[in-house]
A.B. asks: 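Please find one structure pasted underneath; my questions will follow.
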Amino acid sequence: MSEHSTEPTTMIHLDKVGKVYPGSKIPAVEELTLDVPRGEILVLVGPSGCGKSTTLRLINRMIEPSSGRIMLDGKDVTKVNPDHLRRQIGYVIQQIGLFPHQTISQNIATVPKMLGWDKQRIHERTESLLATVGLDPDQYRDRYPKELSGGQAQRVGVARALGADPDIMLMDEPFGAIDPITRDRLQNEFLRLQAELHKTIVFVTHDIDEAIKMGDRIAILGERSKIMQVDTPERILAYPVDDFVNDFIGTGSTIKGLNFLDVRSLKLTEYPTMVVGDSVESAEAKLREASSEWLVLLDEQRRPLRWLKTEDLRSGSGRYDDKGGEVVEVLHQDDSLFQALEHMVQNVSGSSVVVDANGAFQGVVQMAALSSAIRKAQREAQRHYEEMEDLA
Amino acid sequence: MEALTNWFTYVKDNFEFILEDTLDHAQMVLIVIALATVWSVLLGVLIHSRPIARSIVLSITGLFLTIPSLALFALFIPLVGVGNPPAMLAMFLYAQLPILRNMVTGLDAVSPAVVESAKGMGLNSRQQLFKVRLPLAYPIVMTGIRVSTLLTTGIAAIAILVGGDGLGSFLQAGLTRLGLPNSENSVWVGVVFTVLLGLVLDLVLATFQRLTTARGLRI
């Protein structure tokens with residue numbers, strides 16, 4: 001979300017936009033109404049052939065809508081010169097489409113040049129954009145597209161789309177043809193970039209995981225681009241409105257939803273602990289009192305060391321280096337519950353340890369807490385939808 | 001060996017005429033190629049995205065190549081008289097096909113993604129053509145121009161039969177008095193210098209193509 005704009009304004013507003021191809025009775029896109037607030041990434045996701053790309057291309061009128069209105073930043077652009085319109089909108093496609101006969105700098109300078117920027121300004125812009133997308137200008141400015149890898153080419157594709165600093169970016173499966181590792185890196189870099197640039201972005205993908213990762217909001221589209229559900233990823237994962245959405249987000253959606261909840265939102269479970277040097281008797285008493293199988297051994301600074309059981313306490317002679325199990329990883333307040341789940345699986349006790357900023361023990365997260373957090377999120381999402389229905 | 005020395009002597013003795021005919025020959029070829037290039041590029045752009053016109057035009061230009069050149073040369077005499085004009089008109093018709101076909105192929109070969117991204121950035125149709133599609137088709141068109149140049153260089157040798165200029169004069173002079181002194185030398189001058197001219201023109205065009213093709217498009 002944009003931090004510098006005082007109130008959220010609608011940047012892209014589609015008003016009953018439809019597309020019927022000549023000679024076809026069935027519309028490709030049926031009366032679509034959609035708002036994208038300034039600074040938001042809206043992801044259009046849906047099965048192939050649902051018209052999500054068509055919908056995207058209606059916004060910059062690569063495909064002329066047959067009905068409805070397109071409002072960008074409050075202006076009706078349904079009838080303006082489409083070429084002028086497109087110069088104001090960044091456009092990134094999966095196949096990238098860099099101009100093979102031009103250098104990387106020339107490619108990035110395409111729109112600024114058309115807009116009549118002076119040479120110096122164009123030069124400064126292309127240099128800074130190359131740096132922005134993580135390509136060293138000295139090394140890349142004079143290269144040709146064929147001398148780039150797929151990942152590098154798409155970085156240039158993004159830089160070129162950002163050329164004249166458009167407010168709006170349209171991205172059609174931009175990372176779809178890139179290997180998974182590079183894709184993950186490009187996604188992360190792009191999100192970091194977006195945190196600075198606050199562009200208003202419509203992003204098309206068929207990959208629900210990419211949608212969940214990239215989207216401030218996700219619109220799940222069915223046939224003819226009918227919006228089945230549009231909401232934040234966490235609410236869609238917590239409360240898919242119907243079978244179509246449920247099927248589309250697939251199995252494991254609840255676990256994916258854990259990504260959006262953090263440790264801070266949980267009440268930590270009290271857990272027996274002992275500090276190195278404490279007596280075995282006092283530790284045993286704590287275990288009995290809490291009727292717990294495990295306790296956490298802490299060092300003098302209360303940093304967690306090991307998981308210990310009653311028998312580990314008895315057998316040791318004040319040293320527990322090889323007893324019980326190591327505390328493999330620790331959670332911080334801003335870690336996600338997905339990480340908490342992962343640590344649970346890794347730790348011998350089936351719980352995960354939370355520490356404060358100094359690394360001192362704060363409590364543990366147990367499975368029951370996760371499942372109640374999920375149920376709480378689901379209840380909240382459901383209540384949200386019920387309220388919306390009541391309003392309607 | 002003696003025949004070869006003999007031939008070189010003949011070439012030396014007649015060098016002034018040979019040079020003149022070679023230059024005439026080259027001039028005809030270059031004018032025809034220049035006109036055919038302009039015409040074919042324009043026609044190619046026009047028919048490229050019109051499937052019906054495209055197949056009709058390509059079939060007709062292909063048809064020209066099947067008409068025997070001598071007949072085609074003679075066909076134009078009633079229209080434009082004798083001399084270079086009927087010859088050049090016929091050469092023009094032959095020169096069209098390779099350039100036109102390569103023009104269309106070159107435009108076809110432009111990646112749809114490149115055109116899509118050009119359009120998406122707001123290049124209008126004219127800018128798409130001049131800044132993207134033509135520059136990308138250029139190397140392929142250039143290849144067509146080179147083929148046409150070789151083709152018309154050979155065909156131009158027949159121009160003499162309809163009263164035109166060029167190295168055909170040595171062929172005709174030799175062939176009409178075959179067996180007489182120097183007749184074979186004359187024929188060989190016609191053949192060798194036509195081939196040499198073709199090679200030189202191709203070399204010049206190849207160098208030009210190399211120098212004018214963007215580094216990103218070179219293979």
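None of the values given here were measured: they were computed from a predicted structure. Each chain gets a letter, A, B and so on, in the order its sequence line appears, and its residues count up from 1.
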A.B. asks: Taking only Lys NZ, Arg NE, NH1 and NH2, and the carboxylate oxygens of Asp or Glu, determine whether A:R86 and A:D83 approach each other closer than 4.0 Å.
C.D. replies: yes

A.B. asks: From the options A:K199, A:R217, A:H198, select the one residue that forms a side-chain hydrogen bond (donor to acceptor under 3.5 Å, both in side chains) with A:E40.
C.D. replies: A:R217

A.B. asks: Heavy-atom distance under 4.5 Å to chain B: side chain of A:M114, backbone, both or neither?
C.D. replies: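 It is the side chain, since no backbone atom gets that close.
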
A.B. asks: Measure distances from A:P145 to the heavy atoms of chain B and classify the residue's part below 4.5 Å as side chain, backbone, both or neither.
C.D. replies: neither

A.B. asks: Work out which heavy atom in B:S69 is nearest to a heavy atom in B:I155; give both atom names and the distance.
C.D. replies: CB-CG2, 4.2 Å

A.B. asks: Can you tell if the side chain of B:L63 reaches within under 4.5 Å of the side chain of B:I67, non-hydrogen atoms only?
C.D. replies: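 No - every pair of side-chain heavy atoms lies 4.5 Å or more apart.
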
A.B. asks: What part of B:L217 lies closer than 4.5 angstrom to a heavy atom of chain A: side chain, backbone, both or neither?
C.D. replies: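 For B:L217, backbone and side chain are both near chain A.
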
A.B. asks: Using 4.0 Å as the upper bound for N to carboxylate O, is an ion pair formed by A:E64 and A:R61?
C.D. replies: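 A salt bridge is present here (some side-chain N lies under 4.0 Å from a carboxylate O).
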
A.B. asks: Could you state the interatomic distance from CZ (A:F99) to CZ (A:R160), rounded to the nearest 0.5 Å?
C.D. replies: 5.0 Å

A.B. asks: Let me know if A:Q94 has heavy atoms under 4.5 Å from chain B in its side chain, its backbone, both or neither.
C.D. replies: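 No part of it gets close to chain B.
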
A.B. asks: I need the contact set between residues 107-124 of chain B and chain A: heavy-atom distance under 4.5 Å, sorted by residue number.
C.D. replies: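 Residues B:A113, B:V114, B:E116, B:S117, B:A118, B:K119, B:G120, B:M121, B:G122, B:L123, B:N124 are the ones that qualify, each having a heavy atom under 4.5 Å from chain A.
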
A.B. asks: Salt bridge or not for A:D73 and A:R38, using N-O below 4.0 Å?
C.D. replies: yes

A.B. asks: If you round to the nearest 0.5 Å, how far is CZ of A:F190 from CE of A:M169?
C.D. replies: 4.5 Å

A.B. asks: Charged N to carboxylate O under 4.0 angstrom, A:R141 versus A:D138?
C.D. replies: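 Salt bridge: yes.
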
A.B. asks: Let me know if A:L85 has heavy atoms under 4.5 Å from chain B in its side chain, its backbone, both or neither.
C.D. replies: neither

A.B. asks: Checking heavy atoms, do the side chain of A:L170, its backbone, both or neither come under 4.5 Å from chain B?
C.D. replies: neither

